[in-house]
Amino acid sequence: MHESHADAISAALAELPSAPLWVGYSGGLDSSVLLHALAAAPAARARGLRAWHVHHGLHPDADAWAAHCAQVCAGYGLELTVARVSVARDGGDGPEAAARAARHAAFAAGLGDGEVLALAHHRDDQAETVLLRLLRGSGPDGLAAMRPWRDCGRGRLWRPLLALPRAALEAYAQRHALDWIDDPSNDETRYDRNFLRHRVVPLLSERWPQTGAALAQSARLQDEAASLLDADDAAALAQLRSLDPQALSRSGLRTLAPARRARVLRRWIAALALPPLPAQGVARIESDLLPARADAEAEFAWNGASVRAWRDLLYAQTQRAPLPPDWRAGWDGRAPLALPGGGEWRLQGAPGFDAALVAHARSGGERIALPGRAHRHSLKHALQALGVPPWERERLPLLGDGGGEVWAAGDLLYSARMEAWLRERGARLVWVA
């Protein structure tokens, strides 16, 4: 083994994160090298080093592979966690993507607060990822490919070997006589990444020997560019947000250049933890929602989420059905009231109402006696004056005495009588939609 390779692996692991440390261990060559190197580092063991094997169940030998990993970890004196995952075999993105998604879902669910999971991706993996992203038409964010660090659930993923070629890992494994698993599916060129690895990259390297290093360098440069763009996106998004984080100013969006607007919209959706906008999502928002009339209620929906236009705002949220028009329920306020389709109503600061009230859906034509007003007013007009969007009004529960008088609309409007009752007790209603 070249000393430069040994030095490079040692250097890559020299600055360990000061956090509880896992290592992802498939049993293959790459993760075997990372596991061995970390197991040999007293500082890693001092951080409670543990191994994590994801059992995909896709190969007949999957149980034997898990047993191999357990045996190796026992020899190192390390705890091994085996996570069994279910992989969608008929997913539209193919088995590679499905297995990766299942694996990362397991990581996100299993990592504890502040824990770090080290993964063995190297420079050759990075080069393949860049090529795959290029062929999918990705922009700077996608072409930055794999980052050395990324958030994952309550913890973080760490790729300490990302700058090293696979040759360095192979030399390390041979010098230390490591025993690893060769997954036969890695040779099947019907999978995109394997096709690039076995057919495309070798051909490119015949003409351009530095192909792997050059592609990895491009990824680093794209990451720098994406970071600069990201900072400007964050500043633009902050200026466009209203008091409601689910809403953005349409007129403000229209002042942005189209490319910036697209990035800001995607960042906004990601910040709300909604499914990523599909390819046509930004185009539909541009064509249908931004120029829509203030009262048009234009909408783009995808994967259980939606963006709607109303007045000068865009609203993004999970799709929710209106309250059933015939819904009615007695409520004494002593316990939260579960609402149809999710959400609840709670009375805080008081043990309960003086007498049971009636919660019900809107049917239209309701009126409310607002505080400081001599006459009752249309509930519809009062909600419009508050700027409550129409689809939110459809989910808005009403509370009354059963005789037709509205005492409260969610936690947005109180009648004079309800406001006085709550004020006297230092209480309030909380509506969770």
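Scope of the values below: all heavy atoms of this structure, side chains included, with no hydrogens, waters or symmetry mates. On a predicted model such as this, the values are computed, not experimentally measured, just so you know.
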Undergrad: Could you tell me whether a side-chain N or O of R159 sits under 3.5 Å from a main-chain N or O of M146, the two making a donor and an acceptor?
TA: no

Undergrad: Do R284 and E286 sit within salt-bridge range, that is, some charged N less than 4.0 Å from a carboxylate O?
TA: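 Salt bridge between R284 and E286, a charged N being under 4.0 Å from a carboxylate O: no.
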
Undergrad: Identify the two heavy atoms, one from A39 and one from R45, that lie closest to each other, and give their separation to 0.1 Å.
TA: O-NE, 2.7 Å

Undergrad: Sub-3.5 Å donor-acceptor pair from the side chain of R320 to the main-chain atoms of G341, do we have one?
TA: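 Checked: pair present.
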
Undergrad: Between H68 and W180, is the gap from one ring center to the other below 6.0 Å?
TA: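 Centroid separation for H68 and W180: 6.0 Å or greater.
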
Undergrad: With sequence neighbours excluded, what pairs up with F107 under the ring-ring contact (aromatic ring centres under 6.0 Å, His included) test?
TA: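 ring-ring contact (aromatic ring centres under 6.0 Å, His included) check on F107 returns W52, H104.
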
Undergrad: For the side chain of S138 and the backbone of L134, is there at least one donor-acceptor N/O pair under 3.5 Å apart?
TA: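 Checked: no pair found.
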
Undergrad: Taking it one step at a time, do W65 and H59 satisfy ring pair (Phe, Tyr, Trp, His ring centres under 6.0 Å)?
TA: CA-CA 10 Å; W65 295 344; H59 191 276; 4.7 Å; yes

Undergrad: Please report, to 0.1 Å, the donor-acceptor pairs under 3.5 Å made by any side chain of residues 297-310, with sequence neighbours excluded.
TA:
residue	atom	partner	partner atom	Å
W302	NE1	P275	O	3.0
W302	NE1	P276	O	3.1

Undergrad: Are side-chain heavy atoms of L38 and L16 found at a separation under 4.5 Å?
TA: yes

Undergrad: For R425, is there any backbone N or O sitting under 3.5 Å from a side-chain donor or acceptor partner on W421?
TA: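 Side chain of W421 to backbone of R425: no pair is present.
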
Undergrad: Is the ring pair W158/W149 parallel, tilted or perpendicular, if the boundaries are 30 and 60 degrees?
TA: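 W158 vs W149 ring planes: parallel.
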
Undergrad: Under a 4.5 Å cut-off applied to non-hydrogen side-chain atoms, are L253 and R261 in contact?
TA: yes

Undergrad: Would you say the side chain of R150 lies within less than 4.5 Å of the side chain of R156, judging by non-hydrogen atoms?
TA: no

Undergrad: Take a 6.0 Å sphere around CD of Q210 and say whether it holds more than 12 heavy atoms from other residues, nucleotides or ligands.
TA: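 Open: at most 12 neighbouring heavy atoms sit under 6.0 Å from CD of Q210.
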
Undergrad: Less than 4.5 Å apart, side chain to side chain, heavy atoms only: is that true for L49 and Y76?
TA: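 No, side chains not in contact.
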
Undergrad: Applying salt bridge (charged side-chain N to carboxylate O under 4.0 Å, His left out), name anything that partners D230, two or more places apart in sequence or on another chain.
TA: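 Testing D230 for salt bridge (charged side-chain N to carboxylate O under 4.0 Å, His left out), a comparison that skips the adjacent residues, returns R267.
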
Undergrad: Without hydrogens or angle criteria, can the side chains of R197 and T189 be said to hold a donor-acceptor pair below 3.5 Å?
TA: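 Note: R197 and T189 side chains miss the donor-acceptor criterion.
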
Undergrad: Any side-chain heavy atom of L396 within less than 4.5 Å of one from L323?
TA: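 Answer no - side chains too far apart.
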
Undergrad: Roughly how far, to the nearest 0.5 Å, is the OH atom of Y414 from the CZ atom of R423?
TA: 12.5 Å

Undergrad: Does any part of the side chain of L29, heavy atoms only, come nearer than 4.5 Å to the side chain of R166, both counted from C-beta?
TA: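 Contact flag for R166/L29 side chains = yes.
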
Undergrad: Charged N to carboxylate O under 4.0 angstrom, R220 versus E224?
TA: no

Undergrad: Are the side chain of H176 and the backbone of L178 linked by a donor-acceptor contact shorter than 3.5 Å?
TA: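 A pair under 3.5 Å: no.
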
Undergrad: I need the single residue from L289, I285, L290, L240 that forms a side chain to side chain contact (heavy atoms under 4.5 Å, CB included) with R250. Which is it?
TA: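 Running side chain to side chain contact (heavy atoms under 4.5 Å, CB included) over L289, I285, L290, L240 with R250 returns exactly one hit, L290.
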
Undergrad: Can you tell which of R193, R199, R123, R133 makes a salt bridge (Lys or Arg N to Asp or Glu O under 4.0 Å) with E128?
TA: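 One option only clears the test, and that one is R193.
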
Undergrad: Please find the pair of heavy atoms, one from D233 and one from V264, that lie closest to each other, and give the distance.
TA: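 Taking every non-hydrogen atom into account, O-CG2, 4.0 Å.
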
Undergrad: Applying side chain to side chain contact (heavy atoms under 4.5 Å, CB included), name anything that partners E115, two or more places apart in sequence or on another chain.
TA: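 Applying side chain to side chain contact (heavy atoms under 4.5 Å, CB included) to E115 gives P20, W22, R50, L111.
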
Undergrad: If you take all heavy atoms of A106 and V85, which pair is closest and at what distance?
TA: CB-CG1, 3.8 Å

Undergrad: So do the side chains of R428 and L347 get within less than 4.5 Å of each other, counting heavy atoms only?
TA: no

Undergrad: Given side-chain contact (heavy atoms from CB on, under 4.5 Å), test L35 with L78 step by step and report yes or no.
TA: CA-CA 10 Å; L35 179 69; L78 295 178; 3.8 Å; yes

Undergrad: For I269 and A316, work out which heavy atoms get closest and say how close.
TA: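 Result for this residue pair: CD1-CB, 3.8 Å.
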
Undergrad: Is R260 salt-bridged to D232, cutoff N-O under 4.0 Å?
TA: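 Looking at D232 together with R260, the answer is yes, because their closest N to O distance falls below 4.0 Å.
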
Undergrad: Is there a side-chain contact (heavy atoms from CB on, under 4.5 Å) between T81 and H53? Walk through the geometry before answering.
TA: CA-CA 6 Å; T81 293; H53 176 80; over 6 Å; no

Undergrad: Using a 6.0 Å cut-off, check whether atom CD of Q384 has over 12 heavy atoms from anything other than its own residue.
TA: yes

Undergrad: Is the shortest heavy-atom distance from the side chain of L379 to the side chain of R362 under 4.5 Å?
TA: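 Yes, close enough: below the 4.5 Å cut-off.
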
Undergrad: With sequence neighbours excluded, what pairs up with W208 under the side chain to side chain contact (heavy atoms under 4.5 Å, CB included) test?
TA: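 Testing W208 for side chain to side chain contact (heavy atoms under 4.5 Å, CB included), a comparison that skips the adjacent residues, returns L204, T211.
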
Undergrad: What verdict does the side-chain contact (heavy atoms from CB on, under 4.5 Å) test give for Y315 and D244, after you've listed the backbone C-alpha separation in whole Å, the side-chain angles of each residue and the deciding distance to 0.1 Å?
TA: CA-CA 9 Å; Y315 292 85; D244 182 351; 4.2 Å; yes

Undergrad: Quick check against the 3.5 Å criterion: does N194 have a side-chain atom that pairs as donor or acceptor with the backbone of S185?
TA: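 Indeed, once roles are kept as given, a pair shorter than 3.5 Å links the two residues.
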
Undergrad: Just verifying a value: how many Å separate S32 OG and D179 CG, rounded to the nearest 0.5 Å?
TA: 8.0 Å

Undergrad: Using a 3.5 Å distance criterion without hydrogens, assess whether the side chain of H55 forms a donor-acceptor pair with backbone atoms of G57.
TA: yes

Undergrad: Within this structure, what is the CG-CD distance for the pair L169 and Q174, rounded to the nearest 0.5 Å?
TA: 11.0 Å

Undergrad: Looking only at non-hydrogen atoms, find the nearest pair between L13 and A37 and report the distance.
TA: CD1-CB, 3.4 Å

Undergrad: Which residues pass the ring-ring contact (aromatic ring centres under 6.0 Å, His included) test with W327, not counting sequence neighbours?
TA: none

Undergrad: Output yes when a side-chain donor or acceptor of R207 lies under 3.5 Å from a complementary backbone atom of L203, and no otherwise.
TA: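 Side chain of R207 to backbone of L203, a donor-acceptor pair under 3.5 Å: no, none is there.
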
Undergrad: Quiz question: by atom type and distance under 3.5 Å, do the side chains of H122 and D30 form a donor-acceptor pair?
TA: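 Side-chain D/A pair, H122 to D30: present.
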
Undergrad: So that I can tick it off, tell me whether D141 and R263 are bridged by a salt bridge, with the cut-off set at under 4.0 angstrom between side-chain N and carboxylate O.
TA: yes

Undergrad: Hey, could you give me the NE2/CG distance between H121 and L157, rounded to the nearest 0.5 Å?
TA: 9.0 Å

Undergrad: List the steps, then state whether side-chain contact (heavy atoms from CB on, under 4.5 Å) holds for W391 with Q317.
TA: CA-CA 11 Å; W391 58 89; Q317 55 194 183; 2.7 Å; yes

Undergrad: How many angstroms lie between atom OG of S249 and atom CG of L314, to the nearest 0.5 angstrom?
TA: 8.5 Å

Undergrad: Quick one: pull up CG in L131 and CG in L143 and give me the separation to the nearest 0.5 Å.
TA: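 Here the interatomic distance stands at 10.0 Å.
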
Undergrad: Grab the two heavy atoms, one from A427 and one from A350, that are nearest each other, plus how far apart they are.
TA: CB-CB, 3.9 Å

